[in-house]
Amino acid sequence: MGSRFPERFALVLGLTLGSSLAHAQSATDTGFRAQLALRYAPIHHQDVHVDGRHALGGAADFISAYDFDGDRDPSNNWDHAGSPRYPLAAHGYYSVVETTTHWFITYQFFHPRDWSSTFFETEHENDSEGVLLAVARDGSRLGALRAAVTVVHADFYSYVPENSRWRSGDEDVDGKLSLREYEGALHPVTAQEAETHALKAWPYYRIRRQGVVYYPSLTTAEVPAGPDDRAVRYQLHDLAGPGGLWQRRGERQLLTARGEFP
């Protein structure tokens, strides 16, 4: 996805539709946003390559925080990712917007490096990829998952769970959205490629050799024990919350005017 948070997801970086909905199920409430985000946060598979001059023994494919090194200077993230001073604890970001009929939740995963194991592909510092979930407000407290959309480079991929009423229309459904139980609820399962970190629903991408499986948490960010750790918790952060990236969008050292990491 390059070094920017996708412009096509710009709406979800803090805007709230239908803000007159003043009730306990409103995305204007930070506590409810957190509960909703945790409920549908992906079980996330990350393929890992350990070979290559920029692989860091597999750590170059670990998800982390955009400020994993304790500063908000993205221009040193490539180098700091390889330092034992800055372990790559797992973090993920979310934002919620709402209409009268749906919640739309975006989850973003950040990698300090978009790298290549060959000399024929480009590399760059800072990489953010995401998935957008559509959740119907069906009268239950946390709604019902209807669809997921991911972006692979310049292409959209759409997935629906088996019980979804959504079908192909102007955009085709590209596959089934797999669900897996975690802490008493079914969560969507997503996966990213190694190196470029393109994202699809699992198993359309999958761990091919070694890899990390991440599970969501509101409080815990774990560092993978190695390149083949299948049980790592990632901590969710509200992009639109206090101190979140939306509030920091004016920091030109952190983000350019187009919302890109420099």
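Since the structure is predicted, the reported quantities are computational estimates derived from the model, not experimental observations.
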Heavy-atom closest contact (L133 atom, A148 atom, distance): CD2-CB, 3.4 Å

State whether the side chain of R208 and the backbone N or O of Y205 hold a donor-acceptor pair below 3.5 Å, judged by distance alone. no

Electrostatic pair E123-R113, nearest N-O below 4.0 angstrom: no

Taking all non-hydrogen atoms of both residues into account, name the closest pair between A81 and P112 and its distance. CB-CB, 3.8 Å

Euclidean distance, T220 OG1 relative to L236 CG, rounded to 0.5 Å: 10.5 Å

Examine distances only and state if a side-chain atom of R146 and a backbone atom of V160 form a donor-acceptor pair shorter than 3.5 Å. no

Are a donor atom and an acceptor atom from the side chains of W103 and E98 found within less than 3.5 Å of each other? yes

Would you check if L186 and L145 make a side-chain contact, meaning some heavy-atom pair closer than 4.5 Å? no

Using side-chain heavy atoms (C-beta onward) and a distance below 4.5 Å, is E195 in contact with S116? yes

Smallest separation among heavy atoms of P224 and V232, with atom names: CA-CG2, 4.0 Å

Following the transitive rule for hydrophobic clusters with a side-chain heavy-atom cut-off under 4.5 Å over Ile, Leu, Val, Met, Phe, Trp and Tyr, establish whether Y86 and F109 coincide in one cluster. yes

Is there a side chain to side chain contact (heavy atoms under 4.5 Å, CB included) between R180 and H187 once you walk through the steps? CA-CA 5 Å; R180 188 177 304 163; H187 290 253; 5.9 Å; no

Taking everything shown except E171 itself, do over 12 heavy atoms lie less than 6.0 Å from its CD? no

Nearest-0.5 Å distance, CG of residue L36 to CZ of residue R39: 9.0 Å

Between atom CD of Q35 and atom CZ of F32, what is the distance when rounded to the nearest 0.5 Å? 7.0 Å

Does the side chain of H45 reach to within under 4.5 Å of the side chain of V189, using non-hydrogen atoms? yes

Are the side chains of V135 and L142 in touch, meaning some heavy atoms are under 4.5 Å apart? no

Is any side-chain heavy atom of H44 closer than 4.5 Å to one of L199? yes

Show me the donor-acceptor pairs, under 3.5 Å and distance only, between side chains in residues 209-216 and residues at least two apart or in other chains.
unit_1: R209; atom_1: NH2; unit_2: H49; atom_2: NE2; d: 2.7
unit_1: Y214; atom_1: OH; unit_2: I63; atom_2: N; d: 3.3

Do other residues, nucleotides or ligands put more than 12 heavy atoms under 6.0 Å from R85 CZ? no

T150/Y159 under side chain to side chain contact (heavy atoms under 4.5 Å, CB included): CA gap, chis, key distance, verdict: CA-CA 9 Å; T150 72; Y159 308 93; 4.0 Å; yes

Joint hydrophobic cluster, Y182 plus L218, side-chain heavy atoms closer than 4.5 Å: no

N/O donor-acceptor pair under 3.5 Å between Q25 side chain and R141 backbone: yes

Tell me the closest heavy-atom pair linking T196 and E193, and the distance in Å. OG1-OE1, 3.4 Å

Between L254 and L245, is the side chain to side chain contact (heavy atoms under 4.5 Å, CB included) condition met? List the steps. CA-CA 9 Å; L254 176 62; L245 197 58; 3.5 Å; yes

Residue pair L179 / P161: nearest heavy atoms and the distance that separates them: CD1-CB, 4.2 Å

With hydrophobic residues grouped by side-chain heavy-atom distances under 4.5 Å, do F261 and Y93 end up in a single group? yes

Any donor and acceptor pair, going by atom type alone, linking the side chain of S158 with main-chain N or O of V173 inside 3.5 Å? no

Taken to the nearest 0.5 Å, the spacing of L56 CG from S83 OG works out to 10.5 Å

Quick one: pull up CG in L177 and NZ in K200 and give me the separation to the nearest 0.5 Å. 14.0 Å

Quick check: is Y157 connected to Y40 through a chain of hydrophobic side chains (ILVMFWY, heavy atoms under 4.5 Å apart)? yes

Please report the C-alpha distance between W115 and D127 in whole Å, then the side-chain angles of each, then the deciding distance to 0.1 Å, and finally whether the side chain to side chain contact (heavy atoms under 4.5 Å, CB included) criterion is met. CA-CA 10 Å; W115 68 284; D127 189 28; over 6 Å; no

V50 with L88, same ILVMFWY side-chain cluster at under 4.5 Å: yes

With a 4.5 Å limit on heavy-atom distance, are the side chains of H91 and Y234 in contact? no

Can you give the donor-acceptor pairs under 3.5 Å from side chains of residues 69-78 to other protein atoms, not counting sequence neighbours?
unit_1: D69; atom_1: OD1; unit_2: D71; atom_2: N; d: 3.3
unit_1: D69; atom_1: OD2; unit_2: H80; atom_2: ND1; d: 2.8
unit_1: D71; atom_1: OD1; unit_2: D73; atom_2: N; d: 3.0
unit_1: D71; atom_1: OD2; unit_2: N76; atom_2: ND2; d: 3.1
unit_1: R72; atom_1: NE; unit_2: E251; atom_2: OE1; d: 2.9
unit_1: D73; atom_1: OD1; unit_2: S75; atom_2: N; d: 3.0
unit_1: D73; atom_1: OD1; unit_2: S75; atom_2: OG; d: 2.6
unit_1: D73; atom_1: OD2; unit_2: S75; atom_2: OG; d: 3.2
unit_1: N77; atom_1: ND2; unit_2: Y66; atom_2: O; d: 3.4
unit_1: N77; atom_1: ND2; unit_2: N126; atom_2: OD1; d: 2.8

Which heavy atom of W166 sits nearest to which heavy atom of H102, and what is that distance? CZ2-NE2, 3.6 Å

In terms of side-chain heavy atoms, does H111 have a donor or acceptor partner in D61 at a distance below 3.5 Å? no

Indicate yes or no for a side-chain donor-acceptor contact from Y107 to the backbone of A41 under 3.5 Å, with no hydrogens or angles considered. yes

I want to check something: taking the side chain as every heavy atom from C-beta on, are F62 and P87 in contact at a cut-off of under 4.5 Å? no

When rounded to the nearest 0.5 Å, the distance separating CD of E222 from CZ of R233 is 4.5 Å

With the side chain counted from C-beta on, respond yes when D51 and S117 share a heavy-atom pair under 4.5 Å apart, and no when they do not. no

